[in-house]
Amino acid sequence: MSDGQHVGEQPEEELALAAGEHQHVGWFRFHFADERWEWSEQVQRMHGYEPGTVQPTTELVLAHKHPDDYGQVAATLAEIRRTGAAFSTRHRIVDTHGDTHHVVVVADQLFADDGSTVIGTHGFYIDATPSGQTGVHEQQERVSQAVAEIAEARSGIEQAKGMLMLIYRITADAAFELLKWRSQETNTKLRALTEQIVKDFLELDYQELLPHRSVFDRLLLTAHLRVGS
């Protein structure tokens, strides 16, 4: 996914995910004019469908949202249709089997062929569902692990994983899958990409409070454009 992908291009996301090795990361597209959705095989499976058996609609997308998160997601969709802005959200979905999944969705603008008209949004889902009966203590340990990885300044990959774990509240495995996916999708070496992400995040200017998550979203989605610059 590039910064401002044009409609009509073969989805790089689809090429990167075709092998099915990233089972917890998948792409989507939403076209505003006809409210047409596209889901990768991984996103279809997150919702409990076998690939090719469902044609997602806005109604279906919202029907899978957890009742407590429905209002938040519906309001977000209404806002992006109105403004055409990029967005990110963390919420729960309920699949066709009744199982609840915790997902992180990060999306950018989808442009028409003229390169300036926003016609939709596209991005990716991360299934951040805790494995097993993950309690608060284990989640706290994961945060502590992320902090330790940053403090110890191990490799750029480990630092980037730790940062993503903190920002998106995902596991180390999910963070690594996301980094690998971005590397393949943008045809950028993993180490170079992660080093750029770490550099971008560390150069942010803030005091006690972290910047809004949308700031991190934009850096993550465009890091490959700055590698080597």
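Just so it is clear, the model here is predicted, and its values are computed rather than measured. By convention here, the first residue in the shown sequence is residue 1.
K199 contributes atom NZ, which lies 13.5 Å from atom CD of Q159 (distance to the nearest 0.5 angstrom). Distance check, rounded to the nearest 0.5 Å: CD of Q42 to CD1 of I126 gives 13.0 Å. Rounding to the nearest 0.5 Å places CD1 of I167 at 8.5 Å from CG of L220.
Scanning both residues, I170 and A128, for their nearest heavy atoms gives CG2-CB, 3.5 Å. Annotation for G84 and F32: closest pair CA-CE1, 4.1 Å, computed over non-hydrogen atoms. Residues G26 and M46 come closest through the heavy atom pair N-CE, 4.0 Å.
Using a distance-only test at 3.5 Å, with no hydrogens or angles considered, no donor-acceptor pair links the side chain of E35 to the main chain of T57. Under a 3.5 Å cut-off, the side chain of H97 and the backbone N or O of D99 do not form any donor-acceptor pair. At distances below 3.5 Å, not a single donor-acceptor pair connects side-chain atoms of T100 with backbone N or O atoms of V94. Here the side chain of S88 pairs no donor or acceptor atom with the backbone of V105 at under 3.5 angstrom. A distance-only check finds no donor-acceptor pair linking the side chain of Q44 to the backbone of Q55 [under 3.5 Å]. Using a distance-only test at 3.5 Å, with no hydrogens or angles considered, no donor-acceptor pair links the side chain of R29 to the main chain of L110. In this structure, the side chain of Q196 does not engage the main chain of H224 through any donor-acceptor pair within 3.5 Å. One N or O on the side chain of R90 and one on the backbone of Y168 form a donor-acceptor pair closer than 3.5 Å. Between the T188 side chain and the S183 main chain, no donor and acceptor come within less than 3.5 Å of each other. Judged by distance alone, the side chain of R191 and the main-chain N or O of I157 form no donor-acceptor pair under 3.5 Å.
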Item to complete: Let me see the working for W37 and F30 under ring pair (Phe, Tyr, Trp, His ring centres under 6.0 Å), right down to the final yes or no.
Response: CA-CA 5 Å; W37 291 81; F30 176 38; 4.2 Å; yes
Item to complete: Check the pair D127, T129 against side chain to side chain donor-acceptor pair (under 3.5 Å), reporting the backbone distance first and the verdict last.
Response: CA-CA 6 Å; D127 190 339; T129 307; 2.5 Å; yes
Item to complete: Go through K161 and E158 one step at a time and tell me if the salt bridge (Lys or Arg N to Asp or Glu O under 4.0 Å) criterion holds.
Response: CA-CA 5 Å; K161 280 172 52 181; E158 291 301 316; 3.4 Å; yes
Item to complete: Under the side chain to side chain donor-acceptor pair (under 3.5 Å) rule, what do T222 and R226 come out as? Steps first, then yes or no, please.
Response: CA-CA 7 Å; T222 60; R226 292 180 294 278; 2.9 Å; yes
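Residue pairs meeting the salt bridge (Lys or Arg N to Asp or Glu O under 4.0 Å) criterion with at least one member in residues 59-71, sequence neighbours excluded, are D69-R92.
Using cut-offs of 30° and 60° for the angle between ring planes, the Y125 and H47 rings count as perpendicular. Under the 30°/60° scheme for interplanar angles, the aromatic rings of F124 and W181 are found to stand perpendicular.
Cluster membership for M163 and V227, using ILVMFWY side-chain heavy atoms within less than 4.5 angstrom, is not shared.
Contact annotation: the side chain of R182 never approaches that of L190 to less than 4.5 Å [non-hydrogen atoms, C-beta and beyond].
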